[in-house]
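Okay, structure first, notes after.
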Number of protein chains: 2
Amino acid sequence: MTDDKGTARWRIIADLLRSDVVQDHYQPGQALPGEAFLASEYATSRPTIRKAIAQLVGEGLLTVAHGRGTFVRPTPDRRLILMGGSEREDLLSPTYDPAKQGWEHVTVASEAERTAGRVTPNSALFMTIEGSKADVLGVRRGRMGVYRYAYWQHTKTRARIHLCSYLLADQVATITGEGRGMEIDSEIEPEDYYAHLERTHGPLRWITSVHTQMPYGETYEDLNMEPIGTPLLLVRRLMLSKDGRPLEFTEIEAPGDRFEAAAASEHDQAGSDGQVSLRV
Amino acid sequence: MTDDKGTARWRIIADLLRSDVVQDHYQPGQALPGEAFLASEYATSRPTIRKAIAQLVGEGLLTVAHGRGTFVRPTPDRRLILMGGSEREDLLSPTYDPAKQGWEHVTVASEAERTAGRVTPNSALFMTIEGSKADVLGVRRGRMGVYRYAYWQHTKTRARIHLCSYLLADQVATITGEGRGMEIDSEIEPEDYYAHLERTHGPLRWITSVHTQMPYGETYEDLNMEPIGTPLLLVRRLMLSKDGRPLEFTEIEAPGDRFEAAAASEHDQAGSDGQVSLRV
DNA sequence: AGCTATTTGTTCGTATGTATA
DNA sequence: TTATACATACGAACAAATAGC
């Protein structure tokens, strides 16, 4: 059934509701009329209204709360993730203290489950590098790497980010043998990784890139995100040796509605209100 | 009806289908079985299958084609939008030639409609600055600005981006009077904007930031995007005068599955395969 | 605490329209 | 033209979460 020149009814209703939202007919945080009311208002059925609402939820304009209602989604302030600049730090080092910048560590069930408890936040796990990580680091799949991760939560806003790092194992440990007979002799402690790499391969360089994709699986809960309508902001940093060889791959996953990435200008001018929350 | 410990059936099916997709059980581009077949396979109804599929479409993993089928969404190569670096150009200048970098101009109906034809691609329109643009430029709403825009399409990949620029009008024109009696005397041509600003306010500086949000309205068609499941990548550049006053705000809208933004490292090493497609 | 009304969530059946091969 | 596939729409029933009394 198509009323207006072949446009689906749920789409017409979605367009009308969107206009109301973007033109501040409804204020952010305000509840929309109930689905039953809207169904009678637009002379249609509840499934059709729900389809229209689902569209706007996917566009990030509305949120729906079971048993409570449908609300205009407030746009939170975005915190900055600064890229570039001169000093870089090992964000996954056991000695790195995120509390300095207003963050606290949080533990997330799904990560512990995924790694079967073999690695805890800020500890290091020797494992093979697979998939796109191998591509980025320019090595073939199966190469030995060191994996570290952490979840941080911003103390004030409770916004969460996920950090992880893959670095080539033979740069910080002595590996002998192959396959089952492989032995790893790690003389260097995680807190010394960066200093060691600087000595052996410095001066180090970094390349940072940003992209975005839709989250799925347990990412929603792990990052405290709205279940739909929020893209994921991915900040990736590649550490290069003096001669351009990749050494470490660091990735930050952040809710796209609460963070933005900024390229540091020459004279680092951190927002006067302390907006900057993380430097990569 | 909840089969498995309170989880909705469509959610269980979505999880199963997702596993099949991410574990390459289905190859990218390959068609999934029809909705009717899946409904009988999972012993459920077609609406439930459709809900599960809709979830995965929203996650960017599937696309659905009316009358053809449901397909695993291939992930296209991403082109780079380079941020930072030394030379900056006026991307909206009439003399700027995007063809040098493999782009071609395209016209988009909705933009012409939105501005009621008062401004054509690469021409300049004097108009008041409203909303978030005023905030970013640090002026109050209603201040006179110069608006320019263009849509580019990458010749090889047909990926599209939208560029627009707002700059403070009184920096490139003489404005006398207020309200209805306002008169604008623009001695400076659009192609000379940057040179003029460099003379009067240089040396100029730029700050670039990246964020992401879900697109809505006509953005999908204008940017040749998948209708859902693709976030928008927004690259924003603020031009500052020598003394830190904002002069111009440039924004690039790009499909998030086809572009990523990268902070230029010290020694600009454009990808050896010509991956770099735009510098801001 | 319990109860009730309200609101959204899930699932089904069914019918018809429309795009594609 | 025909068959197949997805799109839209309605009605109905019950489940589950929430808020207020």
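Proteins get letters first, then strands, A, B, ... in listed order; numbering begins at 1 in each.
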**Q.** Sorted by number, the residues of residues 52-63 of chain B with heavy-atom contact under 4.0 Å to DNA chain C
**A.** none
Q: Using the test ring-ring contact (aromatic ring centres under 6.0 Å, His included), find all partners of B:Tyr220 that sit at least two apart in sequence or belong to another chain.
A: none
Q: Only pairs at least two apart or in different chains count here, so list each side-chain hydrogen bond (donor to acceptor under 3.5 Å, both in side chains) that has a residue in residues 14-25 of chain B.
A: B:Asp15-B:Arg18, B:Arg18-B:Glu59
(Q) Whole angstroms only, please: what is the CD1-P distance between A:Ile49 and C:dT7? (A) 14 Å
Q: Inspect the contact between B:Glu251 and B:Arg236 and indicate whether a charged nitrogen and a carboxylate oxygen are less than 4.0 angstrom apart.
A: yes
Q: Round to a whole Å and report the spacing from NE2 of B:His66 to C1' of D:dC6.
A: 5 Å
Q. Do the side-chain N or O atoms of A:Thr48 get closer than 4.0 angstrom to the phosphate oxygens (OP1, OP2) of D:dC10?
A. yes
Q) Where the side chain of A:Val64 is concerned, which of D:dC6, D:dA9, C:dG9 is the nearest nucleotide? A) C:dG9
**Q.** Gap between atoms CZ and P, on A:Arg11 and D:dT8 respectively (whole Å)
**A.** 6 Å
Q: Using whole Å, report how far CZ of A:Arg50 lies from C1' of D:dA15.
A: 12 Å
(Q) In this structure, how many angstroms lie between the C1' atom of D:dC6 and the CZ atom of B:Phe71, rounded? (A) 11 Å
Q. Phosphate oxygens OP1/OP2 of D:dA5: is one of them under 4.0 Å from a side-chain N or O of B:Thr70?
A. no
Q: Would you state whether a donor and an acceptor, one from the side chain of A:Arg46 and one from the base of C:dG9, lie under 3.5 Å apart?
A: yes
(Q) Does C:dC12 have OP1 or OP2 under 4.0 Å away from a side-chain N or O of B:Arg9? (A) yes
Q.
Checking B:Arg68 now: which residues fulfil salt bridge (Lys or Arg N to Asp or Glu O under 4.0 Å) with it, not counting sequence neighbours?
A. none
**Q.** Minimum-distance nucleotide to A:Trp10 side chain [options: D:dA9, C:dT10, D:dC10]
**A.** D:dA9
Q: Just compare D:dC10, D:dT8, C:dC12 and give me whichever is closest to any side-chain atom of B:Pro47.
A: C:dC12
Q | Out of D:dA7, C:dA21, D:dT18, whichever nucleotide has its closest atom nearest the side chain of B:Arg68 | A | C:dA21
Q) Could you give the CG-to-P distance, from B:Leu38 to D:dT4, as a whole number of Å? A) 17 Å
Q: Could you list the residues that satisfy salt bridge (Lys or Arg N to Asp or Glu O under 4.0 Å) with B:Arg258, not counting sequence neighbours?
A: none
(Q) For A:Arg158, give me all partners under salt bridge (Lys or Arg N to Asp or Glu O under 4.0 Å), at least two apart in sequence or on another chain. (A) none
Q | Between B:Ser209 and A:Arg78: side-chain donor-acceptor atoms closer than 3.5 Å | A | no
Q) Want to settle it: does B:Glu35 or A:Thr44 sit nearer the 5' end of DNA chain D, counting the closest nucleotide to each? A) B:Glu35
Q) In whole Å, what is the span from the NZ atom of B:Lys51 to the P atom of C:dC12? A) 13 Å
